[in-house]
There are 6 protein chains.
Amino acid sequence: MTQRNALVVSAHSADFVWRAGGAIALYAERGWHIHVLCLSFGERGESAKLWKQPGMILGQVKAARRSEAEQAAEILGATISFMDCGDYPLRVSDERLLDITAQYRRLQPEFVLTHSFQDPYNFDHPLANRLAMEARVIAQAHGHLPGEQVLAAPPVYLFEPHQPEQCEWKPQLFLDISSVWDKKYRAFQTMQAQEHLWEYYTRTGLQRGAQAARNSGRKIKYAEAYQCVYPRVTDDFL
Amino acid sequence: MTQRNALVVSAHSADFVWRAGGAIALYAERGWHIHVLCLSFGERGESAKLWKQPGMILGQVKAARRSEAEQAAEILGATISFMDCGDYPLRVSDERLLDITAQYRRLQPEFVLTHSFQDPYNFDHPLANRLAMEARVIAQAHGHLPGEQVLAAPPVYLFEPHQPEQCEWKPQLFLDISSVWDKKYRAFQTMQAQEHLWEYYTRTGLQRGAQAARNSGRKIKYAEAYQCVYPRVTDDFL
Amino acid sequence: MTQRNALVVSAHSADFVWRAGGAIALYAERGWHIHVLCLSFGERGESAKLWKQPGMILGQVKAARRSEAEQAAEILGATISFMDCGDYPLRVSDERLLDITAQYRRLQPEFVLTHSFQDPYNFDHPLANRLAMEARVIAQAHGHLPGEQVLAAPPVYLFEPHQPEQCEWKPQLFLDISSVWDKKYRAFQTMQAQEHLWEYYTRTGLQRGAQAARNSGRKIKYAEAYQCVYPRVTDDFL
Amino acid sequence: MTQRNALVVSAHSADFVWRAGGAIALYAERGWHIHVLCLSFGERGESAKLWKQPGMILGQVKAARRSEAEQAAEILGATISFMDCGDYPLRVSDERLLDITAQYRRLQPEFVLTHSFQDPYNFDHPLANRLAMEARVIAQAHGHLPGEQVLAAPPVYLFEPHQPEQCEWKPQLFLDISSVWDKKYRAFQTMQAQEHLWEYYTRTGLQRGAQAARNSGRKIKYAEAYQCVYPRVTDDFL
Amino acid sequence: MTQRNALVVSAHSADFVWRAGGAIALYAERGWHIHVLCLSFGERGESAKLWKQPGMILGQVKAARRSEAEQAAEILGATISFMDCGDYPLRVSDERLLDITAQYRRLQPEFVLTHSFQDPYNFDHPLANRLAMEARVIAQAHGHLPGEQVLAAPPVYLFEPHQPEQCEWKPQLFLDISSVWDKKYRAFQTMQAQEHLWEYYTRTGLQRGAQAARNSGRKIKYAEAYQCVYPRVTDDFL
Amino acid sequence: MTQRNALVVSAHSADFVWRAGGAIALYAERGWHIHVLCLSFGERGESAKLWKQPGMILGQVKAARRSEAEQAAEILGATISFMDCGDYPLRVSDERLLDITAQYRRLQPEFVLTHSFQDPYNFDHPLANRLAMEARVIAQAHGHLPGEQVLAAPPVYLFEPHQPEQCEWKPQLFLDISSVWDKKYRAFQTMQAQEHLWEYYTRTGLQRGAQAARNSGRKIKYAEAYQCVYPRVTDDFL
């Protein structure tokens, strides 16, 4: 059986845990190879607790964030890599954009998870969305590095931002992650610098679970919510 | 094996053919029971050709429309019933609304197909949407005719209106109907009064097919497009 | 040469003056027959000044409003009729809806002016929009009173509400009314009960004029703004 | 000092507790008179647990719901009345609409709380919104029962629906309800028939509290979120 | 008589043919000078068939695309130039932006045709829109190269993207191109590398034609659809 | 008592006068320190009258615009600084973005005023919005220049663009500026090069004043309108 793959494009090194940890664990348990691509370590914008330690320097913050993210990825069953493009502001050159394109072609993901189109609280998130989207389209072009295997048309799902309504993000798919919740919560716990988010995202998981139950009539405790970028192509309504 | 059911709520007696004929045929071939509920015969607004015949009267127009719709339903493999609520304007009392609720409870459909939320060219269409939606919600209430089996939470899909962008309708699901296209086209041909639409909706099928192919990387010739009302609840992105 | 016609559907008896008086005067001067249909006299919601007079009764308010509106219509060069359906709330039965349909068929208007789709300050306005739109669609149906001449597809333009942004209304057409401004302002002056609006709508005319000038590079002093309901069909971009 | 008043228009007898209980308790503690108007008892759509009791009849369900709502209102410090218009579907005649108008005029509320504009899971909620909005506008009209004191222009806030993003509802105001949370939770506990919602709405309160903290830089534990219908008029940005 | 001009800004060298070929031919027949500005040759993203030829290199692809586009422009009656900015991704420096501004000033177009604001399938298209829009605004500024003749305020129309609803694009103007359809189809045939699009865009022309007929009551076989960026300034509703 | 501060980010040197002059004067009178940051002098796009003078050169235009803006700021009671980043097109490097961040940290503003998110007539305006928003978020990050005092969460208000509906801008807050109108109008008069705007923005002030009065039931003559970016956090509905 051939390996099946998926790609997660995360602006900062912890985003994938809060927002897509359940999806990653679920597919990893099914034998998929899930690769998480972190554009930055979130070393400036999401490491307040680390910076409060006396004598902290940038290299140390990055190393700590990398280590946490690697542990989280391992718990969830994913591989992870870091582009170290900086954050607040995240800036990605066209060369690095084409590196992301290269990752698409190597991995040939069957689906892609990334950030919302908008976020007035965090400009790195929509930029990650843009990069994930544009790199995907370039990877589909026969004339980009002709001879390489082009990318098919993997669906793109946008995971839940911190304040969904302010980001014009709307859930269109609830993924039942009840069976892997424990793994997701253990991955939370590697994020020592953001302890206040553990309970926030536990409650998010429970609320989305209750909504998933109501939308399906099924018993669901924890869910992750996603917005869909492209129409679903199917022969099945269910 | 238990019977599986679906419900199509159609404002006029021909709408289900142009807009959802492929879905009906596809599921009928899979052994589902698809019931089409026509709120009116479309006797005033969509029967221009019949009215041009000398001496035509309302009863005859209705009978002709009923007959065409019954033939189309038979070709597609569906059952059909008519509420004869009138059209241009369609008007449905609360008593008839509860009749639709009763149909939901009897049929226990696993999915529902109906019109778009808006249509500036046809006010009967959004009313049919409203009735299909409200009757569904009432059918879910334990306090409506307590003791009856309540409805679960079947997803609702909105089929394509005649001028999609003007109706603020957006395709979110492409259903591959290539395998049943011939059946759909044969159903078109029962609609003698609306011959100009045969080719219009054939082209629609081909355009949506081409788009479905592009969104999936798969070979698809004909598709129907649907907007989704509720979030999809799933354990699978694909 | 055959008479050319247009129809204005106004919720209250003064709306057509503030919002479409320029368009009416412009087309009247070109020899068109413009008919204004007032669904109510605005006797409750827009006659505060009249009600402050001691001993005022409903019949007197209606008569005063009718008289003002008739004078305004005469100044603008339009005919006018009143359906006296009440206001605050305006309520129109299906019988009266079909009366509007009948007016469409008799008049065969080449364009239609009416209120915006939404107005959180005034629920009679969107209802007038709805009635104007639905009656128009019924008038197009060959099966409604078969044998009568059906209506073609006249474009519908939505005139400017009092607080445009709150009504989700957006100007898509600026009509240069500079040449008939004096007439429009004289029609304002018949509205003795709403003197505070004379200057408000003069400023509106000047603001829209300045915007029209900026969007065209032409010299325009006064304009009226309209939202378009249907796509324009043309062989000319200009 | 004159009494200050506010009005809450609730479709079913429990809605005001989950969605606006904090606002009610907060203003009641400040000496305001808050009146809750329940259009129905929610006897059909939101009383599943009661209906599961053997031999239950409609009158008993209504009585139980009324009793719960009265207890909750008392805990929160509000008065309450019931219009008993039925639910699933809620239907309100123009006579009852004018009764709501009468309540506005008697109470002269300085602000109004009600449901969202849309809710694809519950058609009674947007109808309650519509009634609260239209009755308010009629109450402002000098020509409606002339001689009575007309209503000023109280702002209208829309409380949070069960699945906010699906209802096109967006939080624009976070109200800090930390100081009255205990009262709100005690009011929850009167709703014996909807125990599953106690924790759901506790989590909602915590999530909105965390968001309120993030949007203000202040320490806030529990918040309620509201959408604003009309622009705020102020001399102060803060 | 003075020459009248229009400008078409096309991201890739074939876009103008599928999307605006009819408008170009129509105005060319009327004696206008239509200039097509191609930002790239579409050499990477839209030349799959060419790249499948053995030994193909970039220069050859560009040359082939240029040749096809020149032939198409000739058939349609337009002049054409190429900026060779690359595609997938298209990137345009501020120097090249000002070159586009210079073209606006030289040509003094009376209308402008370009791509939609959004396109999740193709990031070069919205960038072309942005460049066409920003260059136009700079060309209007008296302080940009003072002394040159500034641009007036030509309307901008957005031609139809491949998957309109996904691009948040909405038709607001239907242009009847029946009289020049043969020319447009002949221009299609120069695009040897994209034969699959010939029939796709023929069907698009027929669907828009049918819609144009329905929106006007006129007989129209083929149409192109456009979204309008700015309000139309006019003294005529028709 | 500590100094309270606010920041105004203005694309061109006159924007703050037309759009936020009232807010500035109001808060200045209350003892606040309002700082206006002009990203450019508007030397190319908004100085047509200056460029019409014979022999005019760029340096002179900038000097004239600077002088006018300094006088206006003085009248309104604000301090002002200029980044001289150019206009038509405005371009701001990441270094200058971080300079704006530095201003946020130095000033610690309690609220921020800037341009709308979109403006199809002026691409410098949305860029100013973007810069003001992104710099604010970076200023909140503990890891940006660690050790400095980070910014809290000041609300951001978007002042009124020239053609509001075309900019997808919607008023959500009306600020009563009647008491400082004379000052605002005197500030207008320093803008010798844009005399045609004096009356335009006087009318805007009166229209927004009339709307503010209607939305509040209070007597208000002049108002400025603002859109709110973030939810308001409060313990008070009024």
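Below, each value reflects all heavy atoms present in this structure, side chains not excepted, and no hydrogens, waters or symmetry copies. In this text the structure is predicted, and so the values were computed from the model without any measurement. Residue numbering restarts at 1 for every chain, and letters A, B, ... go by the order of the sequence lines.
Proximity to chain B (any heavy atom under 4.5 Å) is shown, for E:His196, by neither the backbone nor the side chain. Contacts of E:Thr204 with chain B are made by both backbone and side-chain atoms, with heavy-atom separations under 4.5 Å.
The 12-atom threshold is exceeded at CD of E:Glu29, counting heavy atoms of other residues, nucleotides or ligands nearer than 6.0 Å. Within a 6.0 Å radius of CD in E:Gln189, more than 12 heavy atoms belonging to other residues, nucleotides or ligands are found.
Judged purely by atom type and a 3.5 angstrom limit, E:Gln207 uses its side chain to pair as donor or acceptor with the backbone of B:Tyr200. In this structure a side-chain-to-backbone donor-acceptor pair under 3.5 Å is present from B:Gln166 to E:Pro171.
Here the CD atom belonging to B:Gln211 is positioned 6.5 Å from the NE2 atom belonging to E:His162, to the nearest 0.5 angstrom.
Remark: B:Glu199 does not engage E:Lys221 in a salt bridge, criterion side-chain N to carboxylate O under 4.0 Å.
Residues B:Trp169 and E:Glu165 approach most closely at O-CG, 3.8 Å, considering heavy atoms.
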